[in-house]
Protein chains: 2
Amino acid sequence: MDGGVKKAGVTSSQVAEHAGVSQSAVSRTFTPGASISSKTRQKVLASAKVLGYRPNAIARSLITNRSRIIAVVMAYLENLFYPDVLEELGRALAAENYHLLLFTGFMDRDSDPVFDQLMQYRVDGIILASTSLSSELSEECASAGIPVVLFNRTTERDAVSSVTTRNREGGKRIAEFLVAGGHKSFGYIAGLENSSTNRDRHQGYVEGLAGHGITEIAYEVGNYSRPEAEAAARMMFSRPDRPEALFVANDHMAVAVMDVARYEFGLKIPEDISIVGYDDVGPAVWRSYGITSMSQPVKRMVESTVDILMDQITSGEIEAEHRIHNGELVVRSSARHPETGIVEADGRKIFRPKDV
Amino acid sequence: MDGGVKKAGVTSSQVAEHAGVSQSAVSRTFTPGASISSKTRQKVLASAKVLGYRPNAIARSLITNRSRIIAVVMAYLENLFYPDVLEELGRALAAENYHLLLFTGFMDRDSDPVFDQLMQYRVDGIILASTSLSSELSEECASAGIPVVLFNRTTERDAVSSVTTRNREGGKRIAEFLVAGGHKSFGYIAGLENSSTNRDRHQGYVEGLAGHGITEIAYEVGNYSRPEAEAAARMMFSRPDRPEALFVANDHMAVAVMDVARYEFGLKIPEDISIVGYDDVGPAVWRSYGITSMSQPVKRMVESTVDILMDQITSGEIEAEHRIHNGELVVRSSARHPETGIVEADGRKIFRPKDV
DNA sequence: CTGAAAGCGCTTACAG
DNA sequence: CTGAAAGCGCTTACAG
């Protein structure tokens, strides 16, 4: 009965003694690429097994100055896009033998304490995947010599690496789609107004519509939050000039907007109103919603993110890099279809106008 | 231009030199409760600020034998219940000054490599919040002297701490509700058949129905996966003896089942079929689904989990503890309402039969 | 309250 | 290929 007492944890010295070799030999056995004879190695491995030895990653970190830990800051996970990203990150980092220290659940912009924690753990890299964290934080990290990648956002100054999709082109594509669908009046429900994703998507939408001589766009703000999106939708649908076509800045909000449209205003989708979203995530795919939505290729975005990090960690060079991926406008049933421009690809319907 | 070069990181010795005190004094300044004069403390703090010093948590861990890291193993995040839990855990652990090392994105039962990682980082505690991990793993951890809490599941032998809700009572309550609603035929769509949640919910359901002389229950398996739940629903709805009332083992599956019912079989909910779920999470609340569902009090469950962990860490005693919370059957529109037993509480409709 | 010193469990030149 | 030794950046008795 040794239950209840925390085992001391067996050390390399104990293994060394048991195997009749030096502590160095034990260390080399567990260091890939270290020079060690197979015979010694076998002896060590055998003893390690008997004693239940595992190298202490903490001690290793201290001396190598590498923690093999990547911090991921993700303020909220309600939007299924983020859990998706997180799962993919878990996979990708594990494949590189890195671990994921998650910072989530604080809902503020007060990121200084977070930063402090990151620094104390000497993380090897940082992924900022939340739209509501300060740009300062990221630059602070970068200037501390820790590789940082912004996921799905950028900062004004582009001193920090980022991975995004062509949000402006996405907004524009959506405008083209809605115009091609024969809609006459347009609206936009914004996300966080000072986020780069919202800014770019909105700008592209405005430009796209302007290209067809349309300059009036009904506008409400949902701040990427479900309740706020509902409120925005109520405002939008109460307008005397309720638009025929609505671009909602992400799917998380679009779902809420559709529910308000159907169950509070009795609107039929897409007969009474066409709705297009962004992210192509979770509920967007479900039959109840079937949202026509710009996709963001999560898997490739995550790959790029980890790529940049690994590059910077191994090279020691921190040079800002910006990887921009392409999305597709996946066509489902939440918006009227245009007569042309819809093609089949990978079993999905995609909007690809000829002139693009 | 020092960009590109990883800064060495300033140490306590450097701060000591700068402040003209011993390295011990610096350490004491950053150790809450250590005996240090306010004067020395101020000097140290000033120097630390100038130099940008932060204690190295890795070095601290090595000597204190406390990493202040809790590992959370959560195989998949698709079911919004888990991101919810994760966010809450992030908050609760941060409040205790602990950090969250997340293991996710591997979709198998092969948890041995995970275990190895956990051990190498000398985590202070482990939360197992995924239904697909082996019971072995958890006992292995426990026997290694690391506090482990199973979240939302139990094992046969109850040597490992757990936090759950009364799943059997929940299943029973659902049976009572459906019987009270006047349904005559019943079905069940199971989650992972060997998971404790599924076993208990199913058992309670069966017992509850048996109490009313009902022993025939149409049965399909959805394994807590969306595509499998869809397949199960198709089987269920194709039966000549399609049940009037269906209990789906969690909301994640219930959403999929509702979509299949409505859009593939043209069934009206709840007119043609009543559906009840479990978890009371995310989409359950949305108007498109409005699922009548047993709630699991995530916040309180998380509090209990962190509580148990903190107790065991500080006391050094690892004694299995089982906390069981109560849920409520939250009544919405996915199932026919009984004439009596529905009460209002906290602005929600709850099913609470008198004789319970 | 303060400092000198030992030591946490490793990695890695260095010399053989 | 191997071992003795230094050292990573801290905490914490110990003595004053």
Side-chain angles (χ1 to χ4, degrees), chain A residues 6-45 47-48 51-69 97 116-117 119-124, chain B residues 6-45 47-48 51-69 97 116 119-124 144:
Chain A
K6 180 151 183 167
K7 284 199 199 147
V10 8
T11 70
S12 56
S13 302
Q14 289 167 28
V15 176
E17 192 178 2
H18 186 275
V21 298
S22 71
Q23 183 266 328
S24 315
V26 177
S27 175
R28 289 195 181 100
T29 299
F30 290 94
T31 305
S35 86
I36 183 121
S37 73
S38 136
K39 198 176 138 211
T40 309
R41 200 181 137 75
Q42 295 313 322
K43 269 199 294 192
V44 171
L45 252 21
S47 296
L51 302 177
Y53 171 73
R54 281 187 187 77
N56 183 326
I58 301 280
R60 175 179 283 167
S61 293
L62 185 57
I63 200 153
T64 58
N65 210 15
R66 291 270 108 100
S67 60
R68 299 202 80 83
I69 291 178
N97 224 316
D116 235 63
Q117 310 290 320
M119 296 303 290
Q120 291 192 200
Y121 275 97
R122 305 297 196 263
V123 298
D124 290 344
Chain B
K6 180 149 184 169
K7 282 198 199 145
V10 6
T11 71
S12 57
S13 302
Q14 289 169 27
V15 175
E17 191 177 4
H18 186 274
V21 299
S22 72
Q23 183 266 329
S24 313
V26 177
S27 174
R28 290 196 180 96
T29 300
F30 290 94
T31 304
S35 86
I36 184 123
S37 74
S38 138
K39 196 175 138 213
T40 310
R41 201 182 136 75
Q42 296 313 321
K43 269 199 293 190
V44 171
L45 252 20
S47 296
L51 301 179
Y53 171 74
R54 281 187 186 79
N56 183 326
I58 301 280
R60 175 179 284 166
S61 294
L62 186 57
I63 199 151
T64 59
N65 209 16
R66 291 269 110 101
S67 60
R68 300 201 81 82
I69 291 178
N97 224 315
D116 235 65
M119 296 304 289
Q120 293 192 196
Y121 275 96
R122 304 297 196 261
V123 298
D124 290 344

Please classify the nucleic acid contact of A:Ile36 as base, sugar-phosphate, or nothing, using heavy-atom distances under 4.0 Å. sugar-phosphate
How close or far is atom C1' of C:dG7 from atom CZ of B:Arg60, stated in whole angstroms? 17 Å
Using both distances under 3.5 Å as the test, list the Watson-Crick or G-U wobble partner of D:dC1, or none. C:dG16
Residue A:Asn56, side-chain atoms from C-beta onward, closest of C:dT12, C:dG9, D:dT2: C:dG9
Give a yes-or-no answer on whether the side chains of A:Ser13 and A:Gln23 include a donor-acceptor pair shorter than 3.5 Å. no
For the residue pair B:Ser24 / B:Ser27, report whether a side-chain donor-acceptor contact shorter than 3.5 Å exists. no
Taking atom P of D:dC10 as reference, at what distance in whole Å does atom CZ of B:Arg68 sit? 17 Å
Ignoring the backbone of B:Ser24, work out which of D:dA5, C:dT11, D:dT12 is nearest its side chain. D:dT12
Can you figure out which of D:dG7, D:dC10, D:dT12 approaches the side chain of A:Ile63 most closely? D:dG7
Side-chain contact, heavy-atom cut-off 4.5 Å: A:Tyr53 with A:Ser47? no
Rounded interatomic separation in angstrom, taking CG from A:Asn65 and P from D:dC10: 11 Å
Residue-phosphate contact under 4.0 Å: B:Tyr121 side-chain N/O, C:dG9 OP1/OP2: no
To the nearest angstrom, how far is B:Gln14 atom CD from D:dC8 atom C1'? 13 Å
Short side-chain N/O contact from B:Ser37 to OP1 or OP2 of C:dT2, under 4.0 Å: yes
Integer-rounded Å distance: C:dT2 C1' and B:Lys39 NZ: 12 Å
Starting at the 5' end of DNA chain C and moving along, which residue's nearest nucleotide shows up first, A:Phe30 or B:Gly20? B:Gly20
Spell out yes or no: do the side chain of B:Arg28 and the base of C:dG3 have one donor N/O and one acceptor N/O closer than 3.5 Å? yes
Could you tell me if the side chain of B:Asn56 sits less than 4.5 Å from the side chain of B:Arg60, heavy atoms only? no
D:dG3, D:dC10, D:dC8: which one has an atom nearest the side-chain heavy atoms of B:Tyr53? D:dC10
If you check every side-chain atom of A:Thr11, which of D:dT11, C:dG9, D:dG3 has the closest atom? C:dG9
Measure CZ/B:Arg66 against C1'/C:dC8 and give the value in whole Å, please. 14 Å
Is A:Ser22 near enough to D:dG3 that one of its side-chain N or O atoms lies under 4.0 angstrom from OP1 or OP2? yes
Which whole-number value in Å describes the distance from A:Gln23 CD to C:dT11 P? 8 Å
For the residue pair A:Tyr121 and B:Arg68, establish whether any side-chain heavy-atom pair is separated by less than 4.5 Å. yes
Rounding to a whole Å, what distance do you find between A:Glu17:CD and C:dG9:P? 14 Å
Does B:Ser27 place a side-chain N or O at less than 4.0 Å from the phosphate oxygens OP1/OP2 of D:dC10? no
Are the side chains of B:Phe30 and B:Val15 in touch, meaning some heavy atoms are under 4.5 Å apart? no
Is any side-chain nitrogen or oxygen of A:Ser12 closer than 4.0 Å to OP1 or OP2 of C:dG9? no
What contact category does B:Ser35 fall into here, base, sugar-phosphate, or nothing, at under 4.0 angstrom with non-hydrogen atoms? base
Please determine, for the side chain of A:Leu62, which listed nucleotide (D:dT11, C:dG3, D:dG9) has the closest atom? D:dG9
